[in-house]
Amino acid sequence: MGNIYQKNFIKITRPRVLLSLLFCLCTSLLFGQRDLIVTQADQQIRCRIVDEGLTRITYFYIDDSGELKKSEIFKSLVKDFVFDHFESDLPKTKIPKAKGIEHEPPIEKREIETEANVSLHRKGKTKWIFGFDGGYGQIYNPDFRATDVYGVYQKRLMRGGVFGTHFTYLPLKWLGVGLTFSDFRSKNSAENLAYYNPLYDKTNTGNISELQSRKYLGVALVLRPKLSDWLCAVLKAGPGGLFYTDRGTFDKAQFRFKGAHWAAKGSLGFDFLLGSPVKPRNVLLGLEAAYTYGRLASMDFGDGQGDTRLTAPLVLDHLTFALGVRFTGIPQILR
């Protein structure tokens with residue numbers, strides 16, 4: 001009889017223990033109070049934001065008596081709100097009663113917004129952006145014609161992959177300056193091909209292999225207007241330098257040609273907001289189309305003569321299309 005009573009007592013008390021532990025965990029998180037809401041009247045509310053709807057924000061706060069309470073505020077009354085604005089939690093001055101959490105009525109409605117006011121430009125949030133891109137590149141030379149087999153070989157070298165990284169600082173919500181780097185690479189090889197050897201200024205027949213790299217490094221003026229709550233346009237333009245290398249083999253004989261010249265780059269892209277609307281938004285998906293202008297007037301053929309002026313400038317203009325990830329803060333996984 002005692003064993004039966006003991007088993008029934010365990011069955012009854014175990015769910016109560018789990019529910020009690022879950023309640024303590026939830027109240028502990030709600031006591032964190034690390035978020036900040038700033039109203040249109042410049043009133044600051046330290047709280048824990050738990051839900052962001054289309055027209056209102058739900059949050060928990062601790063009143064003057066130390067009670068944990070729930071409230072809502074219409075977004076039309078909110079000037080700004082920031083997640084994890086405070087680095088430390090509030091002290092637990094008074095444990096909420098087990099019977100439940102009191103609810104306060106919503107603030108009187110002045111204006112209901114018809115769509116979410118989830119801004120990519122929150123105060124104190126989007127001050128800098130760091131990102132990586134990868135995609136496809138294509139040399140743009142309208143005067144080029146592939147009239148023979150070697151021309152087809154060169155045409156293959158005019159397209160390849162591109163990788164880049166960039167940093168942007170935004171002193172204003174929509175205006176900033178940036179630093180950008182990209183490397184557009186292409187390669188090709190062929191056997192028993194009649195090719196032009198610039199070292200000896202003549203045509204040879206044999207095996208050839210090449211890897212061409214077009215590195216760009218420059219600064220840019222950045223315009224980043226907001227198009228919607230989840231989307232920003234990104235326009236960049238500025239000067240820089242273009243660094244060209246062509247290395248490979250002519251019939252097993254290695255070569256490395258290089259040159260550099262000033263260049264310019266302009267791009268149009270879009271940043272899409274990622275992540276939950278309640279969590280800090282520091283990850284964006286970016287799409288970008290860019291055009292780089294650059295002409296190489298001289299080149300070092302590695303023959304000890306230094307830069308040699310070319311009979312015709314080497315056209316390095318290229319279009320790139322890239323997909324990438326941008327960070328507006330330290331990723332949560334690294335915190």
query: Which residue pairs pass the salt bridge (charged side-chain N to carboxylate O under 4.0 Å, His left out) test with at least one member in residues 288-298, sequence neighbours excluded?
result: R295-D317
Flag, side chain of H318 to backbone of L316, donor-acceptor distance under 3.5 Å: yes
message: Q138: which residues meet the side chain to side chain donor-acceptor pair (under 3.5 Å) condition with it, sequence neighbours left out?
response: Y136
- prompt: Any chance the side chains of Y153 and E210 put a donor and an acceptor closer than 3.5 Å?
  reply: yes
- request: Answer yes when D35 and R48 have at least one side-chain N-carboxylate O distance shorter than 4.0 Å, and no when they do not.
  value: yes
- prompt: Excluding sequence neighbours, so at least two apart, what forms ring pair (Phe, Tyr, Trp, His ring centres under 6.0 Å) with F130?
  reply: F132
query: Within 45° of the six-membered ring axis of F86 and under 6.0 Å from that ring's centre, is NZ or CZ of R46 located there?
result: yes
Qualifying side chain to side chain donor-acceptor pair (under 3.5 Å) pairs with a residue from residues 297-316, counting only residues at least two apart or across chains: none
message: Considering only residues two or more places apart or on different chains, which pairs with a residue in residues 195-220 satisfy ring pair (Phe, Tyr, Trp, His ring centres under 6.0 Å)?
response: Y195-F250
Residue pairs involving residues 180-209 (criterion salt bridge (charged side-chain N to carboxylate O under 4.0 Å, His left out); sequence neighbours excluded): D183-R185, D183-K215
statement: Y293 meets the side chain to side chain donor-acceptor pair (under 3.5 Å) criterion, sequence neighbours left out, with none
message: Any heavy-atom pair between the side chains of V222 and L175 that's under 4.5 Å?
response: no
task: Please check if the side chain of T39 supplies one atom and the backbone of Q43 the other of a donor-acceptor pair under 3.5 Å.
output: yes
task: Side-chain contact test, heavy atoms from C-beta onward, threshold under 4.5 Å: evaluate it for K173 versus L170 and give yes or no.
output: no
field: W174 side chain reached by K226 side chain, heavy atoms, under 4.5 Å
entry: no
field: Flag, side chain of E72 to backbone of I57, donor-acceptor distance under 3.5 Å
entry: no
- request: Test L284 against every option in V325, L274, T328 by the side-chain contact (heavy atoms from CB on, under 4.5 Å) rule and name the one that passes.
  value: T328
task: Measure the spacing between CG of L231 and CG of L227 and express it to the nearest 0.5 Å.
output: 4.5 Å
field: ring pair (Phe, Tyr, Trp, His ring centres under 6.0 Å) involving F257 - partner list, sequence neighbours excluded
entry: F255, F301
- prompt: Could you give all pairs that pass the side chain to side chain donor-acceptor pair (under 3.5 Å) test and reach residues 141-152, with sequence neighbours left out?
  reply: none
message: I'd like to know if the side chain of N192 and the backbone of G206 have a donor-acceptor N/O pair within less than 3.5 Å.
response: no
statement: Smallest heavy-atom separation, G286 atom then R326 atom, equals CA-NE, 3.4 Å
field: Salt-bridge contact R256-D246 (side-chain N to carboxylate O under 4.0 Å)
entry: no
- request: For S186, enumerate each residue passing the side chain to side chain donor-acceptor pair (under 3.5 Å) test, keeping only those at least two apart in sequence or located in another chain.
  value: R214
- prompt: Can you list the other members of the hydrophobic cluster that holds V219, where links are side-chain heavy atoms under 4.5 angstrom apart?
  reply: L179, F181, L217, F243
task: Is it possible for you to say whether F321 and V162 belong to one hydrophobic cluster, with membership spreading through side-chain heavy-atom contacts below 4.5 Å?
output: no
query: Which residues pass the ring pair (Phe, Tyr, Trp, His ring centres under 6.0 Å) test with H166, sequence neighbours left out?
result: none
